[in-house]
Amino acid sequence: MALQAESETASDGYPPFEGAPTEVGVDRAERLLAGLNDPQREAVRHGAGPLLVVAGAGSGKTRVLTHRIAYLLATGEARPGEILAITFTNRAATEMRERVEDLVGGSARAMWLTTFHSACARMLRVHAEHLGYGRSFTIYDEADSLRMIKRCANEMEVDPKRFPARAIRAQISGAKNQLTDAAAYAGAQSGPFEEVVAKIYELYEERMVSANAMDFDDLLVCTVRMMEQFAEVRERWSQTFRHVLVDEYQDTNHAQYRLLQLLAGAHGDLMVVGDEDQSIYGFRHADIRNILDFDRDFPEAAVVKLEQNYRSTQTILSAANAVVEHNRDRRPKRLWTETTGGEPVQLSELSDEHEEARWVAGEIERLSSEEEVRREDIAVFYRTNAMSRVLEDTLVRFELPYQVIGGTKFYERAEIKDAVAYLSLIANPADQVSFGRVVNSPRRGIGRTSQARLASHANTTGSTIWDVAGCAEEVPGLGAAAIKTVSRFHETMEGLRARAESASVAELLEAILHETGYLEALEAERTIEAEGRTENLQELVGMAAEFDSNRQLEGEDELSPLEEFLQQISLYTQQDEIRDESVITLMTLHNAKGLEYDTVFIVGCEDGAFPHMRALEEGSEEEERRLCYVGMTRARKRLYMTWARQRRLFGRTSHNFPTRFAGELPEELTKRHESEAGRQTGWQAAGQSETGQPLDPGLTLELRTGDDIVHASFGDGVVTAVEPGGVVVVRFAEDGSERKLMADFAPIRKR
DNA sequence: TCTTCGCGGTATGGC
DNA sequence: ACCGCGAAGA
C-alpha cells in the first residue's frame, strides 16, 4: 500500500519522451502499466470509445488519468496537442500538470490540462466575435455580475425588497446552466417572480454584451452556443482534441455535459473519472445523473470500477461506507484496503464551540508530543467558513501554527478588486461594472447620481462607458463639476492606456496606483487597515511581476500579457494560495475534496449545521451525507468528529444534537467521548428523554403550531412554528426564549 | 450633489 | 460580522 501511495507523487524515473510509437515507446508503455492494479491497468489500456472510471475515494484516480495520458503518448495513439484533460479546480489542474510532466516531461506543455472555465475562456477568446463579443472580454465574478443585475433591476424599476437581486441572479444562473436562454425562459415563465426574472435576464444579457463581459456561467454557455451554431468552430476543436479526459465527472452540470458531447461526440474518445458518492456541488447545478447515467448516454461505454483504496485504514473506510450507504442515488460500491484494522473513529461531544476548539487543540498537542504526528499531516474541516473563527483564536492561544484555505479570498478584498478593475477597464473600455467600481475610488466626487447619468447615456446611445466619459459635456444633466472630474479621470486613464501597450503588467499596475491617486488616498487615511491594504496591493504588484517574468519564458501569443493576467486571476481563487509547510490546515469540507491527511478533525458535526439546515430544506440530505463521506475519506490514519451542544453563530445561540450521520457510524468502529463539562450540565444523548428512554419519533412528528410541549432541559414551551426539514420553533415559558429544535431528535414530549 | 452615520436585515458551499 | 439603505449634514 505504502509503495503505491508514495510513488504517486514521485516521478516514475523515466526520461521524458515525445510519444512516438517507437520500440522504446512500447517499452515505456509497458512500464507505465507496471505499478498499477488490475482495474487501473484496464482503464489505462482502454482502446477507443467512451470510458467511465468509477473511482472511489483514494483509489488512485489521478494516477489512472495521468498514466493514461502518458500511455496514449507512448503507444502513439495521441500526440500531446490532441489531449484535453479537464478538472474542476486550478489546484487539481496544476497537480495533474505536474504529475503528467513527471511522466512525459516537456511535451506536457502542448496539452490542455486545465479547468472547464479556463478551457472555455481560451476557446472563446479565439471566436468571441461569432457571438458579438470582443476578444478582450472581461470575466465577471459573482459580485460583479450581481452589480450588473442590480443595475438592470433598478433600470426596470423592480422592487429590490420583493425581488432580491441575489435571488434573481441565482435564477438566471440556474437557467443558464440548463442552457435556457432569455427568450426560452420568458416563454416558460409561470409566476410574478419568473416574469421579473425573464425581463431582467433579457436586459442583463444585452448589457453584458455591451459591456463586453461574461460571467462564469456565460463561459460555459457561450462556448456551447458557439459550437452549436458554428459547425466549423465545433469541428476545429473536436478535431484538435482527439482525446478528452474529465476528472470529477460527478460534478459536471448540464452545460458541461453538453460541451463534452459537442467536443467528443464525433470521435467518442471520452474518458470520464468520478465518484457519485463525492458529488457535492449540487448547489452549483452539478447533476449527479451525468455520472449515474453515463453508460446510458454512451451505450458503448466501458465501465471500470476502482474500489481498492490506498489511503485510509479499513476502519475509516468501513465507517465512511456505512454512512454513505444510507444514500439511494448511487451504484453499489465498497472501498477496501489491504491493511486491516486501525484506530476507531472518535466522536466527541463538547459543551460549546470554545470547548470544542480547545479540545481539538489539546488533542493536536497530545498527538504531536506523544505520537509524533507532524502538524502538516493534520487538517481540521468544517461545514461553513464562519466556524473557522473560534478555531483560529484557540490555535493562536495554544501557539499552534495553522493556515486557513479559502475563507476571505485575496481577490475579493476591496482594494484588490479595485486594482483589478482598473486593469480590466484598460483592457476592456466597455466594461461598465469596472468603470463604476473605479470612477469614484479614490473619492473624486462622482457619486451615484452622476454615475447613473453616465451609464444611462451609454445605454441609450449605445456607446461604451469609456467613450461617454471621454465627452462628458454631452451627457445630459451632468453638472459642471462632474464634467470636469470625469474628463480628468478619462484623461488620466487614457494616458495609462497608452502606457499599457509597452509596459509590463507590474509596471502598468504601479503606474495606475500612483497616477490615479489610489495609494495617496490610502496613505492619507493613516490607519492600520489602510496600511494592510497597501501591503495587499504591493503583494498584487509582486504577483504581476512574477507573472511578467514567467511569461517571458513561456510566451503565449493568443492574448496580450494584460489580458492573460486578468484571465488568470479572474478564474483563479484560493486554491493556488501558497501552501505552507509544517502547519495545521483549516478548510471547509468542500475545499477538502481531493486532499488527504494522516489526521482529520471534522468539527461542528451537529444537525442543522451539518447537515446544513438550508440544505435539508432544499432536500439535499444525500448531498450533505456525501460531503460527510468526502470529509471522512480524507483521513489516512485517524479520524475525529466533534459536536458542540451549544454554538453561537451570527450572534445567536443554538442548542444542538449530533449530526444524524454520527448515528450511522457502526458502534464497533466508533469511540465516543464526552467532555467533563458536558457531564456537569447533565444533558442526555440525543433522541432520549430526561428519563433516558428514547422518545417515540412518531409522536414528535405530529407537532403542530400551538401544541404545548415539555423539553428535557428547557421545561414547558409552546410550538410557534413548524418548518420544513422536521424543525419546530418552540417558545419556552421559563425564559421566554425561542429555539429551533429538530422534532425527531430533541428531547421533547407533548403535554 | 456627495459623504457619513446609524439602522435593520441577512447570513452554505465555490469556478 | 457584513452589506445596502435612508436620513442628515457639508
Side-chain angles (χ1 to χ4, degrees), chain A residues 86-93 114-121 139-143 145-147 150 153-154 159-161 164-167 170 173 177 214-220 248 251-253 255-256 279-286 381-390 405-409 411-412 414 440-453 477-483 485 567-576 587-593 604 608-618 620 623-624 626-627 630-631 648-652 654:
Chain A
I86 303 182
T87 61
F88 269 81
T89 64
N90 291 304
R91 181 176 70 205
T114 183
T115 64
F116 267 107
H117 288 88
S118 44
C120 287
I139 298 167
Y140 278 0
D141 68 10
E142 204 137 310
S145 121
L146 197 63
R147 267 165 193 264
K150 280 179 183 164
N154 193 29
D159 178 7
K161 294 249 163 62
R166 281 175 64 98
S173 172
N177 280 290
M214 295 200 199
D215 61 28
F216 284 139
D217 300 323
D218 288 333
L219 292 175
L220 297 167
E248 309 278 15
D251 289 328
T252 51
N253 61 32
Q256 288 158 336
S279 169
I280 55 173
Y281 285 110
F283 69 89
R284 218 167 65 189
H285 312 109
F381 304 151
Y382 33 82
R383 178 64 178 82
T384 59
N385 278 310
M387 287 183 177
S388 73
R389 260 288 136 68
V390 177
I405 306 292
T408 324
K409 290 147 211 145
Y411 288 110
E412 283 174 18
N440 202 29
S441 176
R443 298 266 120 93
R444 295 187 179 90
I446 307 168
R448 274 169 54 111
T449 325
S450 305
Q451 282 181 47
R453 293 211 167 109
L478 205 62
I483 291 175
T485 32
Q567 171 163 324
Q568 218 177 71
I569 59 183
S570 53
L571 293 178
Y572 155 131
T573 44
Q574 79 287 352
Q575 72 286 322
D576 278 337
M587 68 180 94
T588 63
L589 285 156
H590 281 90
N591 250 314
K593 190 159 70 153
F610 181 40
H612 198 281
M613 273 261 270
R614 284 273 293 271
L616 291 175
E617 286 163 11
E618 287 165 15
S620 352
E623 181 157 308
E624 296 283 301
R626 290 192 288 268
L627 195 53
V630 166
R648 266 180 78 87
L649 214 55
F650 307 130
R652 292 180 93 93
S654 60

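A, B, ... follow the sequence lines: proteins, then strands. Residue 1 opens every chain.
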Rounded distance in Å - [atom1] ([X]) to [atom2] ([N]):
| X | N | atom1 | atom2 | result |
| --- | --- | --- | --- | --- |
| A:F116 | B:dC15 | CZ | P | 14 Å |
| A:R284 | B:dG13 | CZ | P | 13 Å |
| A:R648 | B:dA11 | CZ | P | 19 Å |
| A:E623 | B:dG13 | CD | C1' | 9 Å |
| A:M214 | B:dC15 | CE | C1' | 16 Å |
| A:I483 | B:dT1 | CD1 | P | 12 Å |
| A:E142 | C:dC3 | CD | P | 15 Å |
| A:M587 | B:dG14 | CE | C1' | 14 Å |

Just checking [X]: base, sugar-phosphate only, or nothing, at a heavy-atom cut-off of under 4.0 Å?
| X | answer |
| --- | --- |
| A:S118 | nothing |
| A:N440 | sugar-phosphate |
| A:E618 | base |
| A:K593 | nothing |
| A:R453 | sugar-phosphate |

Worksheet item: Hey, is A:H612 stacking on B:dT12? Ring centres under 5.5 Å, planes under 30°.
Response: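 Taking the rule of under 5.5 Å and under 30°, the ring of A:H612 does stack on B:dT12.
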Is there a side-chain contact between [X] and the phosphate of [N], meaning an N or O under 4.0 Å from OP1 or OP2?
| X | N | value |
| --- | --- | --- |
| A:N385 | B:dG14 | yes |
| A:T588 | B:dG14 | yes |
| A:R443 | B:dT4 | yes |
| A:N591 | B:dG14 | yes |
| A:T449 | B:dC2 | yes |
| A:T89 | B:dG14 | no |

Worksheet item: Out of B:dC15, C:dC5, C:dG4, which has the shortest distance to the side chain of A:R448?
Response: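 Looking only at heavy atoms from C-beta outward on A:R448, the closest nucleotide is C:dC5.
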Item to complete: State which of B:dC15, C:dG4, B:dT1 makes the closest approach to the side chain of A:S450.
Response: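 Of the options given, the side chain of A:S450 lies nearest B:dT1.
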Practice prompt. Give me the ring orientation class for A:H590 and A:Y281: parallel if the planes are under 30° apart, tilted from 30 to 60°, perpendicular past 60°.
Written response: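 Geometry flag for A:Y281 against A:H590: tilted rings.
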Worksheet entry | pair A:L220-A:Q256: side-chain heavy atoms closer than 4.5 Å | yes
Identify the heavy atoms of [X] and [Y] that sit nearest to each other, and give their distance.
| X | Y | value |
| --- | --- | --- |
| A:A255 | A:N253 | N-OD1, 3.0 Å |
| A:E624 | A:F610 | O-CE1, 3.5 Å |
| A:A286 | A:D251 | CB-O, 3.3 Å |

Discussion item. For A:T87, is there any backbone N or O sitting under 3.5 Å from a side-chain donor or acceptor partner on A:E248?
Written reply: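 No; zero donor-acceptor contacts below 3.5 Å.
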Item to complete: Could you pick out which residue, A:R444 or A:F88, lies toward the 5' side of DNA chain B when each is mapped onto its nearest nucleotide?
Response: A:R444
